[in-house]
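The structure appears right after this line, and notes come after that.
The sequence lines fix the lettering, A, B, ..., with proteins before strands; numbering per chain opens at 1. Every heavy atom of this structure was used, including side-chain atoms; hydrogens, water molecules and symmetry mates were not.
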Amino acid sequence: MSYYQQEMECAPCDKMKELKTERLVRTVKHVYENVPYYRKLMDDHGVRPGDIKSLDDLSKLPFLTKDDLRDAYPYGLLAVPLTDAVRIQSTSGTTGKRVVAFYTQADIDLWDECCARAIVAAGGGKDDVVHVSYGYGLFTGGPGLNGGSHKVGSLTLPMSSGNTERQIQFMTDLGSTILCCTPSYASYLAETIIKQGDRDKIKLKAGIFGAEAWSEEMRRDLEKNLGIKAYDIYGLTEITGPGVSFECSEQTGMHVNEDHFIPEIIDPVTGETLPEGSKGELVFTCISKTAFPLIRYRTRDICVLSRKQCSCGRTLIKMSRLMGRTDDMLIIRGVNVFPSQIETVILKCGLTPNYQIIVDRVNHTDTLEVRVEMTSEMFSDAIKNIAYRENELVSAMKDMLGISPKVKLVAPQSITRSEGKAVRVIDNRKI
Amino acid sequence: MIVDQISVFIENRPGTLAEATAILGDAGIDMRALSIADTSDFGVLRVIVNDPKRALELLKKAGFVVSITPVLAVSLADTPGSLAKLLRILSDGSVSVEYAYAFITRKEGNAYVILRVENNDLAHDILAKEGINILLDGSIFGE
């Protein structure tokens, strides 16, 4: 059994508790003293840094939500002088306004270490060729696994996403052993590899797949089609990026790097902290980052935490696969999509707000179809005029969402109007 | 002659075209020419009818997206090469054709072409000058 940071990954329970407490106390004091936004939030909530003495006191602190991040955009939650920050990563927000996260060099290092733990847990080492097909740039996927692979000392292939032919060529020519990408892209790669007859030329042994929900069936398919062991990885830009938690050889959930991120499960309605084993909303508190350490950030992801002993030897708490969301956010091809973003574009393009979003998974790849009702204003006897408007709508959505939807124009009044909440989203994916 | 064409948005769903044409048929509206343009997910039905105003009203009432477009109706000899000649005249006059559809009529030896061009008046003048028989009012319906 191999670990990247055994002393943390396999720390005795009491030692970990002590470390977490110390880091929590220090971080709460840090944000209170350096971030007016937090100070006001805590003052309004009637809690002072001195009230936080143990892990049990965590529940006294107010929650942070994505709305806070938007309100504080861009610098409102930055907890160090801008001169100490060395990196920005970003995620798309609901109204087109992005959420930005800042990192000091130390923050980057610990993030890279989290990803390094994931790579080692997937059997990676110095002899491996880590093929990173997550997007690079503002998206955290590429930079995170890239940094992790450097820490491990593997040979890193910063492929980024797209250009499947080149991906496979590098994979075969350079003998990639560990593939990092979204599970849907891995499926697409597998399919293409098999179709091209390149299955015998690849040397992959493991895959680290995340940024979207996937099923056990998909895991089995990927393992069989690529001849690998497939590992799940979880993270979000607000907390750091991929590597907040990672799967080990047992493949029964993801170990949370709790020496850096304390997870809690809460009742999404009451906000009450729930005991271990309960299903609820996942909340994270960053306790070792300094530039952007979010406190009690509500992820809106639903899952279960478990301290059950793991055969891999790690003592880090485990989180289950994601079981859903508490809001209407969809994750499509690894990209966060809110129906409200689609609505904004539709209205901006002068169409009626009667629309429907159909999400499906065809050949393991997510598809997004937006059905929009035709209007007399948009209609023309000439197809090219309609096609022009249709393309305009598609590119405006692509600009807003980062992924390209298929737009289907339907007859007026054909989208069901419901009495109460409109059925805007039909998600046919079986995950 | 410039006639009013009815254009109807047809969602790509079984029965939509039947529904639209039934509305016209049930109201006793006579269709003289019809064309359907289609893409992978929708179509546009284009018809020349004897009562475009009523057709428009009825289709709208039934929930269809409908528009009226003035198009050129031209009478041609039903002989090889006559359409090519017509199109050559238009192209020489720098008139581009958006779409066209043709049909033969009850009157022997005659064909009609419906032309959608950018500038109806210009096309009309060019054709008239070249002695092309622009349909006289009503003759498309044999009146």
Side-chain angles (χ1 to χ4, degrees), chain A residues 342 345-347 349-360 362-363 365 367-398 404-418 422-423 426 428, chain B residues 2-21 23 33-49 52 55-57 59-73 96-101 114-120:
Chain A
I342 292 172
V345 174
I346 289 172
L347 294 175
C349 289
L351 293 160
T352 67
N354 296 309
Y355 63 91
Q356 204 158 42
I357 297 163
I358 320 272
V359 189
D360 210 334
V362 181
N363 295 328
T365 303
T367 59
L368 169 63
E369 177 179 295
V370 182
R371 292 189 181 163
V372 187
E373 289 184 356
M374 180 53 108
T375 62
S376 346
E377 187 271 320
M378 185 185 186
F379 182 61
S380 165
D381 62 308
I383 296 274
K384 77 168 185 206
N385 297 343
I386 302 177
Y388 179 79
R389 293 286 302 270
E390 202 176 350
N391 290 338
E392 214 175 44
L393 190 60
V394 169
S395 65
M397 283 193 201
K398 188 171 183 242
S404 215
K406 177 184 172 354
V407 166
K408 186 178 155 75
L409 296 165
V410 297
Q413 308 293 319
S414 64
I415 292 170
T416 326
R417 273 88 170 146
S418 57
V423 184
I426 298 172
N428 291 324
Chain B
I2 294 165
V3 295
D4 283 337
Q5 168 193 275
I6 297 287
S7 313
V8 192
F9 175 75
I10 303 290
E11 186 189 326
N12 189 3
R13 182 169 46 82
T16 320
L17 182 60
E19 200 190 321
T21 48
I23 288 166
L34 173 153
S35 120
I36 297 165
D38 66 308
T39 70
S40 57
D41 63 10
F42 67 90
V44 175
L45 166 69
R46 299 160 183 153
V47 278
I48 306 292
V49 296
L56 178 84
E57 228 166 80
L59 288 165
K60 266 195 175 159
K61 222 169 92 185
F64 282 94
V65 179
V66 198
S67 70
I68 285 196
T69 319
V71 292
L72 273 184
S96 58
V97 177
E98 184 79 44
Y99 57 79
Y101 48 106
I114 303 294
L115 290 165
R116 164 80 149 97
V117 294
E118 264 168 43
N119 188 333
N120 277 330

Closest heavy-atom pair and its distance - B:Gly63, A:Pro412: O-CG, 3.3 Å
Option in B:Arg116, B:Lys60, B:Arg13, B:Gln5 with maximal non-hydrogen atom pairs under 4.5 Å from chain A: B:Arg116
Interatomic spacing from CD in A:Glu373 to CD in B:Glu11 - rounded to 0.5 Å: 9.0 Å
A:Lys406 side chain near B:Asp41 side chain, heavy-atom distance below 4.5 Å: yes
Side chain / backbone / both / neither for B:Ser67 at chain A, heavy atoms under 4.5 Å: both
Part of B:Tyr99 within contact of chain A (heavy atom distance under 4.5 Å): side chain
A:Lys384 bridged to B:Glu98 by N-O distance under 4.0 Å: yes
Chi angles and distances behind the side chain to side chain contact (heavy atoms under 4.5 Å, CB included) call for A:Val410, B:Phe42: CA-CA 8 Å; A:Val410 297; B:Phe42 67 90; over 6 Å; no
Most chain B-contacting option - heavy-atom pairs closer than 4.5 Å, from A:Met374, A:Glu390, A:Lys408: A:Met374
Heavy-atom proximity to chain A below 4.5 Å, by part of B:Val8: backbone
Stepwise side chain to side chain contact (heavy atoms under 4.5 Å, CB included) test for A:Ile383 and B:Val44: CA-CA 7 Å; A:Ile383 296 274; B:Val44 175; 3.8 Å; yes
Evaluation steps, salt bridge (Lys or Arg N to Asp or Glu O under 4.0 Å), between B:Arg46 and A:Asp381: CA-CA 7 Å; B:Arg46 299 160 183 153; A:Asp381 62 308; 5.2 Å; no
Inter-residue atom distance A:Ile386.CD1 - B:Thr39.OG1, 0.5 Å rounding: 8.0 Å
Side chain to side chain contact (heavy atoms under 4.5 Å, CB included) between B:Phe9 and A:Ser376, intermediate numbers included: CA-CA 9 Å; B:Phe9 175 75; A:Ser376 346; over 6 Å; no
